[in-house]
Amino acid sequence: MADPTNSDIADALAELGDLYELDGAIIHRVVAYRTAAQSVRDASTSVAALAREGRATELAGVGKTLQEKILALVEHAEIPATVKLRAKFPAGLVQMTRLPGLGPKRARMLYEALGIDSLDALRAAAEGERLRKLKGFGPKAEENILAALEAAPDGEVERRVVLDRALAVGDPIVAALRAHPASAEVELAGSARRMADSCKDLDIIATATDADALVEAFVALPEIESVAGSGSAGARARTHSGIKVDLRVVAPEQFGNLLQHFTGSRAHNMALRESAVRRGLHVSEYGVLDDATGETLECTSEEAVYAALGLAYIEPELRENRGELEAAVDGGAGLPKLITERDLRGDLHAHTTASDGKNSIEEMALAARDAGYSYLAMTDHSASMGFGMDVPPKQLERQIELVKDANEALDGIELLAGSEVNIMPDGSLDYPDELLERLDWAIASVHTSFRLGEREMTDRIVAAIEHPWVDALGHPTGRKVEARRPYPLDVGRVIEAAARTGTMLEINANPDRRDLPDVYARAAAQAGVRIVINSDAHRVRTFERVRRYGIATARRGWLTKADVANTLPYARFMKLRKRARR
DNA sequence: GCCGTTTTCGGCCCGACTGTTTTCAGTCG
């Protein structure tokens, strides 16, 4: 029986938290389970292995009790408390609590008073006007429940939008508001500002010389499909692409407070406020209240908010309660000097028409040069890609010559003859070693057989990392944002192998991948692994389009310029390749 | 259930909104 993955353990803890909430546990205990679940989900080493050694308590938010619960899950495949509570509360009840407006308290009341234990039973009872007999429920509650069921018949939660789609909507709206004569400051807030993988909605915070005029202009934008409510304080709207956008207009004196509040994350704000309370300060979106004086400090900037708490300014990408508050004391000595888009000098993962790309070697090279890069690796798919877009060994030999010819013909950009080699299920590669040796650069990736167990998948990838001619591992976890879970993988072992062999790990900048994810990129850099940020471009316009997301992922992973190999000039980068260090 | 520049016990963010309420609990972000 294979160990549960971190994802399995996180799901189990979150479920137990939900069950305890239904059972009427105090909310702090429930929150403790949810915090621990997130901590396990973000961990870069095997939590099952950690728990076997009694060391799961090293994770933030995991104490002695949860160490025991995790160990029970690892050793017996179940947690006794979960088994007990599942028998007490039907699964449909947990689903009911996910409906907007219906929480654990009210859902449980419906179950105990009326025996409602599923979404179907709930619909029938609301339609039969049987809910209004209960204390705390009325006709309006029935109406709201039916509306919620209508909006999400299977109780599914609202889908999040991948960041590039959200920004494609948000950036032009912000630009339009900034261009409006009545606006002063306009900023995107929320998870979009933190450059998270995906967003639920968009929040825009603004100051204005004429708030009414700015709100009117906002709701009249061509992107806006409908408006749920508006006034001089702001408006709630929905775009034609189905994304909710909230605009809040605030007095300049409180702009810093409001922007900080709505940028979040929730976990960051809670931790920030908790630490403030210990100093007798209370932080809200309206200001910082000082217990000692009774005065509320209003802040025009976020810098002023953090300064009021004795903290250095914290970049939005770091605001996830992953140690940034501790790092921001003492003038921010512990905060990293984050990498920026300007720091990238090369791209080591791009495709041409030789495989599934849309442009030629020359076209891709010139586009990379135009994007500001001074070197580019051509890495078409290898021999077994399939779908008729593979490059058999003979063709790769010719491709090497073509890249060399193009390199000589073009000024201002150095080209590397490379390949994106498939990692076969057994960990071998699909080109002979003699051919791989002739390349300037090889990146190895998994494109098939995703369904291996964690042990097999990790062995497979570690074998590729240990291969002498593999310079980097491409999109290491295989995840697709909001679309595909990562394959089961012990990322800790992958990082260890990469550090030991001098193999780079990629942050694939495709906004649907962003792989390595931020938390793993951070763990890898801490372990001394060189990160390489790549576009995985399949056409010329991709270079500019995706750099933003690769850099954002790196910044969310606390990476500096020094952590990322392709910030180096060409000659120094070349010496850092594994094949150059043999 | 976790955790400690007050603490190993007693706290654990802050405010808005809603629907049902004669003063507030539950839910949400």
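Below, chains carry the letters A, B, ... as their sequence lines are ordered, and counting in each starts from 1. Quantities reported herein were computed from a predicted structural model and do not represent experimental measurements.
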Span that lies between the P atom of B:dC12 and that of B:dC17, in whole angstrom: 24 Å
When the C1' atoms of B:dT21 and B:dG26 are compared, how many Å lie between them, rounded to an integer? 13 Å
Strand-adjacent residues in residues 289-323 of chain A, judged by heavy atoms under 4.0 Å from DNA chain B: none
Taking atom types as modelled, is there a side-chain donor on A:Gln254 or A:Glu298 under 3.5 Å from an acceptor on the other? yes
Which part of the nucleic acid, if any, lies within contact of A:Lys135, taking any heavy atom under 4.0 Å across all strands shown: a base, the sugar-phosphate backbone alone, or nothing? nothing
Could you measure between the two C1' atoms, the one in B:dT23 and the one in B:dT18, and give it in whole Å? 15 Å
Would A:His180 and A:Phe218 count as a side-chain contact (heavy atoms from CB on, under 4.5 Å) if you check the C-alpha gap in whole Å, the side-chain angles of each, and the deciding distance to 0.1 Å? CA-CA 9 Å; A:His180 193 274; A:Phe218 169 67; over 6 Å; no
Selection: residues 24-33 of chain A, any non-hydrogen atom under 4.0 Å of DNA chain B: A:Ile26, A:His28, A:Arg29, A:Ala32, A:Tyr33
Hunt down the Watson-Crick or G-U wobble partner of B:dT8, both distances under 3.5 Å, from any strand shown, or write none. none
Between B:dT27 and B:dC13, how far is it from one C1' atom to the other, in whole Å? 16 Å
Can you tell me how far C1' in B:dA25 sits from the matching atom in B:dT20, rounded to whole Å? 10 Å
Just verifying a value: how many Å separate A:Ser284 OG and A:Leu289 CG, rounded to the nearest 0.5 Å? 8.0 Å
Considering residues at least two apart in sequence or located in another chain, which fulfil the side-chain contact (heavy atoms from CB on, under 4.5 Å) criterion with A:Ala32? none
Base, sugar-phosphate alone, or nothing: which one does A:Leu134 contact when heavy atoms must sit under 4.0 Å apart? nothing
Polar side chain donor-acceptor pair, A:Ser265 to A:Arg194, under 3.5 angstrom: no
Shoot me the first and last contacting nucleotide of DNA chain B against chain A, ordered 5' to 3', at under 4.0 angstrom to non-hydrogen atoms. B:dG1 to B:dG29
Can you confirm whether more than 12 heavy atoms, excluding those of A:Arg455, are under 6.0 Å from its CZ atom? no
Calculate, to the nearest 0.5 Å, the distance between atoms CD1 and CD belonging to A:Ile243 and A:Glu225 respectively. 12.0 Å
Identify, between A:Leu59 and A:Lys200, the residue whose nearest nucleotide on DNA chain B lies closer to the 5' end. A:Leu59
Of A:Gly61 and A:Phe137, the one whose closest nucleotide on DNA chain B sits nearer the 5' end is A:Gly61
By side-chain contact (heavy atoms from CB on, under 4.5 Å), which residues pair with A:Thr45, not counting sequence neighbours? A:Leu50
Could you check whether A:Arg266 gets within reach of a base, just the sugar-phosphate, or nothing at all, counting any heavy atom under 4.0 Å? base
So A:Tyr313 and A:Tyr306, would you call those rings parallel, tilted or perpendicular, with 30° and 60° as cut-offs? perpendicular
Distance between P atoms of B:dG4 and B:dT8 (Å, rounded): 13 Å
Determine the interatomic distance between P on B:dC28 and the same-named atom on B:dT22; round to the nearest Å. 23 Å
Please round to the nearest 0.5 Å and tell me the distance separating atom CG of A:Leu110 and atom CD1 of A:Ile145. 6.0 Å
In whole Å, measure the gap between the P atoms of B:dG11 and B:dA16 for me. 25 Å
CG-CZ distance between A:Leu131 and A:Arg106, expressed to the nearest 0.5 angstrom: 9.0 Å
Under the criterion side chain to side chain donor-acceptor pair (under 3.5 Å), which of A:Lys105, A:Arg108, A:Arg34 is the partner of A:Glu21? A:Arg34
Which of residues 243-264 of chain A have a heavy atom under 4.0 Å from DNA chain B? none
Tell me, yes or no, whether the heavy-atom count around A:Glu112 atom CD, taken from other residues, nucleotides or ligands under 6.0 Å, exceeds 12. yes
When rounded to the nearest 0.5 Å, the distance separating CD of A:Gln260 from OG of A:Ser301 is 11.0 Å
